[in-house]
Amino acid sequence: MSVIGITFGNTSSSIAVASGDSKVDVIANPDGDRAIPSALSYINSDEYHGNQALSRIIRNPESTVVNFRDFIGKKFSEINDKFSYGAKPQDDNDSIIYQINGEKISVSDLAAKHFKQLKLAAEDYIGKEVEGAVLTVPTNFTEHQREEIIKIAEKAGLKILQLINEPSAALLANLSEDNKLDQDKIYVVGDFGGIRSDGAIISVRGGVMTILSTLHEYGLGGDLLDDSLSEFFAKEFEKKYQVNPRKNNRSLAKLKAESIVVKKTLSNVQTSTCSIESLAEGFDFHTSINRLRYELTARQPLSKMTEFIEKLIEKAGLEPLDIDEVLLVGGSSNTPKLASNISYLFPESTKIVSPSLDSQALDPSELIARGAALQASLIQSFDESEIKESLQPIVVNTQHLNKPIGIKDSEGKFQPILVAETAYPIKKSIEVTNGESSSVVVELYEGKRTIKETVVERQPESEEEEEDDDSDESDEEPEIKKEVVYEVGTKLAELGLNDLKPNAKLEVVVNITQNGVLHLTGRELKQGGQVVKGEITSN
Amino acid sequence: MSSIVLPSGKVDGFKADHKYSTPTRRPIEPVGRYFLAHASRTLRGHTWSEFEKLEAEKNVKQIEKNEDDDLGDEEQSEELLEHDPREWKTANLYAVLGLSHLRWKANEDQIRRAHRKQVLKHHPDKKSASGGLEHDSFFKIIQKAFEIMLDPIKRKQYDSIDTINDPKPPTKSKDYDFFEVWTPIFESESRFSNKQPVPKLGDINSTKDEVDQFYTFWSKFDSWKTFEFKDEDVPDDTANRDHKRYIERKNISNRKKLKQEDNKRVIDLVERAHNEDPRIKLFKEQAKKEKAAKKWDREAGSRKAAEEIAAKKAAEEEAAKKAAEEAAASKANSKKAKEAAKAAKKKNKRNIRNAVKDNGYFGDESKATTIDADVDLLIEKFDDIRLGEVANKVKDQDASSVKQILQDVAKELASAGSIDVSHLKYFN
């Protein structure tokens, strides 16, 4: 039994297979690409796929199709093809088609061909037939689009076991890598693709993920970075040779192809050369660019991406303080500047997961496929009916706690047991002690969110510097460190444990059943120790 | 470890104060094992402890499933890595693929997976990338081994000669446990059998039938071993056809020779096992014992018959003797009785006569001769019984009663008709 995970993006697709122990291999296609461009090109009767197709966009733009994923299951009147290049989608009785070499080819046929190629690459690698796959889709794919994409995959001979959302797949891959799934945190997943950006805020509670909010922006993505680089090179070329390369489609395509290479290079090193043969009117173009220059050139799209994350958090009604981690996904997340820009949005306690800040981080363009492969390996032993049953609304739509629930300790501080946004049924226990007193009270409270502000005293700097930066210092406001602190709110219940020995081990268990009844149990952790129980309900 | 200290205070039991805030209903993401756990809990209505139990069981099963994971991970020896690729036939091809623990038992899937691992490890590109020289000799052997292993015919040919690691029979002089040594030998040898399944060697408790069946099978062992792998390479240039044919012929005869040798090896092996099999010895001894017992049984029968005849004879003789004795005794007895009866009669007669005489002939001495004659007549007419009765009656009686008795007897006899009253002169 071999099952794979597939992510089908507008710009590129990835396939991955999990081989037990949550070890995941991202599969390279026969060309050696792990991020396989979602491109198809038709020249005469030959079909080209992936990078081979993409490289033909220079010579045969009208028979090369890219960026067609979002058109699946849509009507022509609903789409906006402003961002696509290569062959243009056309209207055929309101369904979307491409005119390739005089033949009509529908979006679903193209997608099916793409899936076939992906399946072939996977089977080539595994050496076994692929029996099923988990496919990822953006969170804003409509129900109709989801059905459509399953049909298309089935047509290509791929049995789709489950469709999962891209951000949750990425987060699953990231958390499974270090086994952090059981930590209760709130994550921002920023997916910066080629022609669109998606963001999601996901809370992980007891290993169960809940999407709190999502945001999508079309047109914002890596293509904008390429365009700004292209524009920069075009200007330089024009200055040098007094020839405008933007007039010629082929020159533009060459510029773009080279810009992509330069962009990728600059994600890893400080400087990159750019050389294009016969860019326009027979002039070759050679230049070099450093990262700083690139970051300045691409400042606008980069700051737009940062704004995008800001908007996302705003939309969720949260503050940057609430976010525990930011996971950057998608090819554009390799850009170091993007990660550092985003890190300025958040307090220092928030961790930004991106390859430029953490060399151990997984490749952001592979994360989604990895998550899908993990999910595929998890569900491969289940029957189709079992999977279907698990996806019923009764299972998926779950009650989430609005406020954290915890107990008050001897200093009057709130000690959370269940944090907000925890889905139930859930059971959680903490171990406590009675200290020196022989009888104690377990007081169950709801938490109240407050923001604690502490002024951080600036470290007195050395004398010399102080003299130099005198004017700066006086301008600067004292740095304020903000922190989210929960205080005790409404008291829910209390129970007493009496006649205890000093420093006895006690346990407090909170268990919320599916029907919303909260069971509170306090017990002494010893043979035959006393147990006190009770239950409350929600409003 | 638990740093949270509860506030002190005294509350008895549980007291609910307030309801907690209204929850929000949101879809959760159907990914990850925690979701699967959540789903199965929700659908099956398991309680937490039940669920944890089920999970624990599941984990155990998964560990068992993954035991194949280290396939092809074994390290090749330096020697093997340095093996000359031109001499690839002499290399241990299973060890090359990292399958020397499985060898002929490896299935196609395992071979493919092992090959993939070896390729990833020993690909020349990888070696040169890690700073080594372009050195693809071992990689060539890997490819060759993979080619052989995937072709069923070629694999059979290779398996035929891949017997270096098979268990060997022990040296003759040593003491050893027969079953411990020979079971693996026959087990490994049985893979070459055309006929499957092959009977097992069994143990000391096997029946004679089983052991016989085992040795009959092995004495007629039909193996599929072929020895093409040991062929000398046939030159494929057409220049020297004669030489080519010569090599081909040589290969064929060589194969034949090797096959014969191998068959002989199996026969020797079986013969030796048979000779050293403790069960065969046991069966022989048992047969011997049985024979002896049978013989004893047979002889016992005849002996018994003779004894019976003798006893019969003795019994018969005894019986005859006894009968004779008895006859003699009874004869003697009857004589005595007769004599006794005679004597008693005489005595009774005399008693009666004397009774009459002693009583003075009832006062009639004068008629003594007539009375005597009458008494004699009466006595004469009395049978044995009446004689005894009368004799007893008249004993010690006075004259009148004797007379009365005799008169009564005479009357009885007369009425009975056995005596004529006219003959009696006195008692009438």
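Throughout, a chain's letter reflects where its sequence line sits, starting with A, and its residues are numbered from 1.
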**OP:** Examine whether an atom of Glu436(A) lies under 4.5 Å from a heavy atom of chain B, and if so say whether it belongs to the side chain, the backbone or both; otherwise answer neither.
**Re:** neither
Original post:
By a 4.5 Å heavy-atom criterion (distance strictly below it), what part of Ser390(A) contacts chain B: side chain, backbone, both, or neither?
Top reply: both
Original post:
Taking atom NE2 of His38(B) and atom CD of Gln514(A), what is their separation to the nearest 0.5 Å?
Top reply: 7.0 Å
Original post:
Heavy-atom distance under 4.5 Å to chain B: side chain of Leu175(A), backbone, both or neither?
Top reply: neither
Subject >> Whether Asn402(A) side chain and Thr22(B) backbone form a donor-acceptor pair below 3.5 Å >> reply: yes
**OP:** Could you pull out all residues at least two apart from Glu123(A) that satisfy side chain to side chain contact (heavy atoms under 4.5 Å, CB included)?
**Re:** Lys119(A), Glu129(A), Val130(A)
Subject >> Toward chain B, the part of Val396(A) with a non-hydrogen atom under 4.5 Å >> reply: both
Original post:
In terms of heavy-atom pairs under 4.5 Å, which option from Gln162(A), Glu446(A), Gln530(A), Lys533(A) contacts chain B the most?
Top reply: Glu446(A)
Subject >> Side chain, backbone, both or neither of Tyr424(A) within contact of chain B (heavy atoms, under 4.5 Å) >> reply: both
Original post:
Would you say Lys403(A) and Ser21(B) make side-chain contact, with heavy atoms under 4.5 Å?
Top reply: yes
Subject >> Test salt bridge (Lys or Arg N to Asp or Glu O under 4.0 Å) applied to Arg26(B) - qualifying residues, sequence neighbours left out >> reply: Glu421(A)
Original post:
Excluding sequence neighbours, so at least two apart, what forms side chain to side chain contact (heavy atoms under 4.5 Å, CB included) with Lys225(B)?
Top reply: Ser160(B), Thr163(B), Glu189(B), Phe192(B), Ser223(B), Phe227(B), Lys259(B), Asp262(B), Arg265(B)
Original post:
Do Glu494(A) and Phe14(B) come within less than 4.5 Å of each other through their side chains, counting heavy atoms only?
Top reply: no
**OP:** Please report the closest heavy-atom contact between Ala493(A) and Ala16(B), naming both atoms and the distance.
**Re:** CB-CA, 4.0 Å
Original post:
What do you reckon, is NZ of Lys180(A) surrounded by more than 12 foreign heavy atoms closer than 6.0 Å?
Top reply: yes
Original post:
What part of Ile405(A) is in contact with chain B, defined as an atom under 4.5 angstrom from a non-hydrogen atom: side chain, backbone, both or neither?
Top reply: side chain
Original post:
Does a donor on one side chain sit under 3.5 Å from an acceptor on the other, for Thr210(A) and Glu29(B)?
Top reply: no
Original post:
Which distance, rounded to the nearest 0.5 Å, do you find between the CD1 of Ile28(B) and the OG of Ser203(A)?
Top reply: 10.0 Å
Subject >> Test item: Val31(B) and Ile164(A) side chains (from C-beta on) under 4.5 Å apart, heavy atoms >> reply: yes
Original post:
Do Val5(B) and Asn434(A) pass the side chain to side chain contact (heavy atoms under 4.5 Å, CB included) test, and can you show the C-alpha distance, the side-chain angles, and the key distance before you say yes or no?
Top reply: CA-CA 6 Å; Val5(B) 181; Asn434(A) 55 334; over 6 Å; no
**OP:** To the nearest 0.5 angstrom, please state how far the CG atom of Leu378(A) sits from the CZ atom of Arg33(B).
**Re:** 8.0 Å
Original post:
Taking only heavy atoms into account, what residues of residues 406-416 of chain A are found under 4.5 Å from chain B?
Top reply: Ile407(A), Lys408(A), Asp409(A), Ser410(A), Gln415(A)
Original post:
Do Leu6(B) and Val441(A) have side-chain heavy atoms sitting under 4.5 Å apart?
Top reply: no
**OP:** Determine yes or no for a side-chain-to-main-chain donor-acceptor pair under 3.5 angstrom, with Arg112(B) supplying the side chain and Ile126(A) the backbone.
**Re:** no
Original post:
Can you tell me how far OH of Tyr20(B) sits from OG1 of Thr537(A), rounded to the nearest 0.5 angstrom?
Top reply: 7.5 Å
Subject >> Proximal component of Gln399(A), with respect to chain B [non-hydrogen, under 4.5 Å] >> reply: both
Subject >> 4.5 Å side-chain heavy-atom contact, Asp182(A) and Tyr34(B) >> reply: yes
**OP:** Pick one of side chain, backbone, both or neither for Leu506(A), based on which atoms fall under 4.5 Å of a heavy atom in chain B.
**Re:** side chain
**OP:** Work out which heavy atom in Pro30(B) is nearest to a heavy atom in Leu391(A); give both atom names and the distance.
**Re:** CB-CD2, 3.4 Å
Subject >> Per-residue contact mode, Gln375(A) against chain B (heavy atom under 4.5 angstrom) >> reply: side chain
**OP:** Output the distance between atom CG (Leu492(A)) and atom NZ (Lys19(B)), rounded to the nearest 0.5 Å.
**Re:** 12.0 Å
**OP:** Can you see which heavy atom on Lys491(A) is nearest to which on His18(B), and at what distance?
**Re:** O-CB, 2.9 Å
